Each structure stands twice: as C-alpha cells, then as structure tokens.
Amino acid sequence: MSSSEISVHVAIARALADQGMTTLFGVVGEGNIHVIAHLVEDHRVRYVKAAREDGAVLMATGYASVTGEVGFATVTHGPGLTNTMTALTQAARSGLPVVVLAGDTDPALPYGRQRIDQAALVAPTGAGFQPIASPATAVDDVARAVGRARAERRPIVLNAPVDLQHGTVAYSPSRVNLPAPQAVAPDADALDRAAGVIAAARRPVILAGRGAALAGAKKSILALAEHIGAPVSTTLRAKDLFRGEPFDLGICGTLSHGPASETILAADCLVVFGAGLNPDTTADGSLVAGKRIVHIDLDPARLGLRTEVTVAVQADAERAAVTLLDRLGELDLRHAGTLCTEELRTRLAEFDPRSEFAPYAGGPIDSRELTLLLDQVFPHDRTYVSDSGRFMLPGFAWLHVPEPSAFIETVDFGSIGLGLATAIGAAVGRPDRPVLLTAGDGGLAMELPELLTAVRYGLDLVLVVYNDSAYGAEVAITDLLGKAHDISRLPGTDFAAIARSMGASGLTVARADDLPLIAEAIEHRRGPVVIDVKTDPRTPIPH
C-alpha cells in the first residue's frame, strides 16, 4: 500500500461520514466490524447497538420517520442480512429512506458457512441493492446508495464483500450527487381541468395524505379550503395535519367518526393531495362513490391507481395548492361550498369519541377507555408509535400527535412485533419528545430483546401493553368460525416483572381502579417504562 492509499473499509467509513451519516444502528459481525470501528473512532458517529439485525433496520426507519433524514443501519453477512427481511419489507412499503450497510462473504470462498446470494435475497423485499463493485468505485458506490435512498424513498442495501474491504484505494471525495425529489409544478391544461371541476362543485371536501405533509403544503391547502368552502380531512399517514382547525374532519376512511363520515358522504367533489386512495381511506370505495375526484400526486404511478378519478394532476402538493388558489382566485365563486356550516363547526368542536361506543363491562379493562386516557395523560408534544394488532385501531383514531411525522404505524407489511425497535429509533432521532409505544402482548413477545437496547441508552419511552393474553385478531376469527380459542390464546405474561428484570420500570394495571396509576407512572418516569394493562380480546373496537 502506497502512502497515498488507505484500506477500502477506511474509505467506506469516510465516505459515509462525508454523506452526512451521524447515527448508526447495528449489530456487529465479521462483515462490518472494520467499517463500524472507523465510523465510531475516526468520525464520531453515534453507534446504537441493537439486540437483533431486524431491530437495527427498524430503528433506522423510526429515526428516518421523525427526522426526515436518511436512516443508517448495518449488519453482517449471511444470517445478519437474512434476519432483516421483514424489516426491509416494512421500510420499503413505508417509503422510508434508509441505507443498510451489509457485509458480504468472499466470493473466492463459495462454500463458506454464511454465504448466500444477498442480491437475490433483498430483491423481493422492495429494497434497492447497491453493490460496492471494486475498490476504485467504493466511494462513489456509497454516495449512490445514500442518494438513491433519498431520491427513491426506500431502503438501499449497500453490499460490501469482505475481500474488497481489505483492498486499498487512494481516497478522493465522490462527485456522485443524486438529486432529491423535486417540487414539480402542475401541467397547465391538467390544472385548468382540475380548477373547472372544483369551481363547479357545491360540496367539496379536501383530502390530504403523507405527500401533502412531506411537501409542507398545510398552509396553502388550508387557504384553498377556505376559498372554496371545503372541510379538510387526512389519510392515516397524515394524521393530525389539520388538528385544531374548525372544519378538520380528521381521518378519512374506515376510522372516520360519525360527523366526518356524514360530511364526506355528502360531498360531491374530493380534492386529493398526495394520498394513494387505498381501500382503508375510501372505506372500500363507499366514501368516493358518485363523486368527482381531483387527484394530485408527485408520483404519476399513483394517480388513479386504486380509484377512478375525474382529473389526475402530477404535481407537488404545495405547488399545486398555491397554483390552484391563484387560478380559482380569478373566478367569482359565489356558490362556494355549502358544507362548512356553523352546525358542522359545533359538532366537530363538541365531538366526544365516547358518544360512539357503549361502555363494555365484559372484561378487566376497556381498551377504548385506556386509549382515551393515554391521550389525556401523556405529554402532548409526543411521538406516538403503534405496533400492529387489533388493539391499534382506537389509537389510530383517538391518540393525537403534534404533526404527522410524530406518528408511526408499523402495519405496511401486516406484521406484528415491529413497534419497539421502531420506537427506539424515533426516541434517538427526537430525544426532545417522549415516545409513547402501544403494543399487544403477542407482538411484544417477539421483540422483547430490544427492551434491553432502550434500557442501555436510557431512552424516554413508555410502552403500554394491551395484554389480552391472546392474538386478539385471531380470537375474532375463531369466533366467526365457531371454533375454540385455544389456538389463539396465549399464557398470561407479567410484562411488568420482565421489564423490571431487564432494568426498566414496570407497572401492572389489572382493574379499572388501577387506571390512575398510569398517569403517575408517566409523570414520574425515568428511562423506559412498561405498563402492562390487562384487557379483553373481545372488547368492541372502532371500524
């Protein structure tokens, strides 16, 4: 090695630091240890040690969700990467930018114990694959991986064979600079057609999705809504974007409350910004039937994909809202929308979720009342993360956040057991906000090792377990089938005791009389807290 050359693993670490990677989640192994060492010792990158590789990737996704930055994780070769498959799929379907540095085995040793075709392994997850092809391309390959993650909004596996890592290269900064997604202005003809549809509407409603939140379009959309007399609503992924506005209908879809559903059903036009119009948002099409729809999205592949639309406009949500407001401002809208009435304003201001369900006396704790209590007693400037399971629906509907980026759901791949690691990444990314994590007992049992990670770093995280001693959704299925519950029941587990044994605080809430203890535990928390609440799997839930 000449005096001007360095080892490739040193160059990879330096290139990652040059790309702005400051926080790394990972599990160390032979395939990544050299790069990790240089990142930590030479570049002062914060290294968060996960218990499992899937946990590391999920932490990076939680970090990306709340910071808007590219998340960064690392695993070793073979089983290190195979352990990440569910997490990679979840991140890809969530549209989150993450780089996963994965070691790979030496191709000269084709019968190595941990050898596997890593490119073929990653392909079905929806994540991208960026190989480090040679010592000469290593720095550029790192830049491509980070740029692709940012531009494509999905995880990119940066594949680094160990034999290549031990090569040498003369370091020079990469000239690769893949652009981030840009704000696209709407086509003039498409915008004219959209403006015509909106101007003719008598009962318009605006629907904003995550694309609107990412574009920073809130202010412009509200100005447009006021001009055309339209109530506003959001998808689940844009939860609480308009919270506090007098005509905020909340979530549109299967989670809509009564006044919102009635208003959306009465609409004759939906103006949709950055939302995919999936079956949950449209309530299987029932909320969009018979309406004229203006669909605005940055990604042309999403326009009209799941729902037939009247006008499709490829554009950035902010650009489209501003331009539409200018265009409609030229028109005399004497027949502006009629849905924004004083009656609706009053109904929305006075709405109480308890008006839509009867008290349930059939089990230990009513999970709906638990959810409403958590919204009341947990600090409002929060990050809220939900694992997947039947318990999640009341939280989706009634647990509020200060902005959409402060809400993370982990249901894109339909897997349980992804919430805790995701919450850890969110807590690292936004340490100024306490994290509220809700999980079921079945899902938590799958990811308990990561509680050690939360304890190790003293994170401000409160985990509330909806502990019904069952896979709750499967209990509902066995009820429908008329079968016994044994196959979906789980033995009673004392998660509070387990938490204390792992160094966290633990509290058990078994009766309604114990509910006030939750507020006390939250107020006096020091580090991670696990609140084990005994619920019933047959408690009715919002639909």
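All values below come from the heavy atoms of this structure, side chains included, with hydrogens, waters and symmetry mates left out. The structure displayed is predicted, hence computed values, not measured ones.
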Option from Q118, Q114, R115 for which side chain to side chain donor-acceptor pair (under 3.5 Å) with T105 holds: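 Output: one option passes, namely R115.
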Taking the side chain as every heavy atom from C-beta outward, state whether [X] and [Y] have any atom pair closer than 4.5 Å.
X: L249; Y: V232; answer: no
X: I36; Y: L24; answer: yes
X: F396; Y: F407; answer: yes
X: Q90; Y: T422; answer: no
X: R52; Y: N83; answer: yes
X: V288; Y: I293; answer: yes
X: T383; Y: L436; answer: no
X: R148; Y: Q130; answer: yes

Trace of the side chain to side chain donor-acceptor pair (under 3.5 Å) decision for T84 with E53: CA-CA 6 Å; T84 69; E53 292 87 356; over 6 Å; no
D412 and R237 ion-paired at < 4.0 Å: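 Looking at R237 together with D412, the answer is yes, because their closest N to O distance falls below 4.0 Å.
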[X] side chain to [Y] main-chain N or O, any donor-acceptor pair under 3.5 Å?
X: R153; Y: G95; answer: yes
X: D316; Y: R319; answer: yes
X: R144; Y: V139; answer: no
X: T410; Y: S386; answer: yes
X: Y63; Y: F25; answer: no
X: N32; Y: G29; answer: yes
X: T76; Y: G31; answer: yes
X: E403; Y: S405; answer: no
X: T307; Y: G304; answer: no
X: D54; Y: A87; answer: no

Verdict with supporting geometry, Y47 and T23, side chain to side chain donor-acceptor pair (under 3.5 Å): CA-CA 6 Å; Y47 176 44; T23 301; over 6 Å; no
Test side chain to side chain contact (heavy atoms under 4.5 Å, CB included) applied to D248 and R243, step by step: CA-CA 6 Å; D248 173 27; R243 181 164 168 76; 4.3 Å; yes
Looking at every non-hydrogen atom in both residues, tell me the closest pair between [X] and [Y] and how far apart they are.
X: A160; Y: I132; result: CB-CD1, 3.9 Å
X: T493; Y: D532; result: O-OD2, 3.3 Å
X: E447; Y: L418; result: OE1-C, 3.5 Å
X: V157; Y: L88; result: CG2-CD1, 4.1 Å
X: P379; Y: R525; result: CG-NH2, 4.1 Å
X: V27; Y: A51; result: CG2-C, 4.3 Å

CD1/I33: more than 12 non-hydrogen atoms of other groups inside 6.0 Å: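 Not more than 12 within 6.0 Å, no.
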Residue pair D104, N159: steps toward the side chain to side chain donor-acceptor pair (under 3.5 Å) verdict: CA-CA 6 Å; D104 201 352; N159 202 65; 2.7 Å; yes
From L451 atom CG to F495 atom CZ, the distance as rounded to the nearest 0.5 Å: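 Nearest 0.5 Å value for the CG-CZ distance: 10.5 Å.
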L241 side, atom CG; I251 side, atom CD1 - distance, nearest 0.5 Å: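 Here the interatomic distance stands at 12.0 Å.
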Qualifying residue for side chain to side chain contact (heavy atoms under 4.5 Å, CB included) with V35, from T74, L16, V28: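 Output: one option passes, namely L16.
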Aromatic contact, H9 with H166 (centres under 6.0 Å):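 Ring-ring flag for H9/H166: true, centres closer than 6.0 Å.
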F378-Y384 aromatic ring centre distance below 6.0 Å: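 Ring centroids of F378 and Y384 are no less than 6.0 Å from each other.
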Steps toward side chain to side chain contact (heavy atoms under 4.5 Å, CB included) verdict (L303, Q314): CA-CA 8 Å; L303 291 169; Q314 182 193 1; 4.1 Å; yes
Worked check of side chain to side chain contact (heavy atoms under 4.5 Å, CB included) between V428 and R46: CA-CA 10 Å; V428 172; R46 182 182 185 186; 3.5 Å; yes
Residue pair R526, D460: steps toward the salt bridge (Lys or Arg N to Asp or Glu O under 4.0 Å) verdict: CA-CA 7 Å; R526 295 290 183 273; D460 191 1; over 6 Å; no
Stepwise side chain to side chain contact (heavy atoms under 4.5 Å, CB included) test for L236 and L255: CA-CA 9 Å; L236 178 63; L255 293 172; 4.3 Å; yes
Check: T137/D140 side-chain N/O donor and acceptor closer than 3.5 Å: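 Short answer, no.
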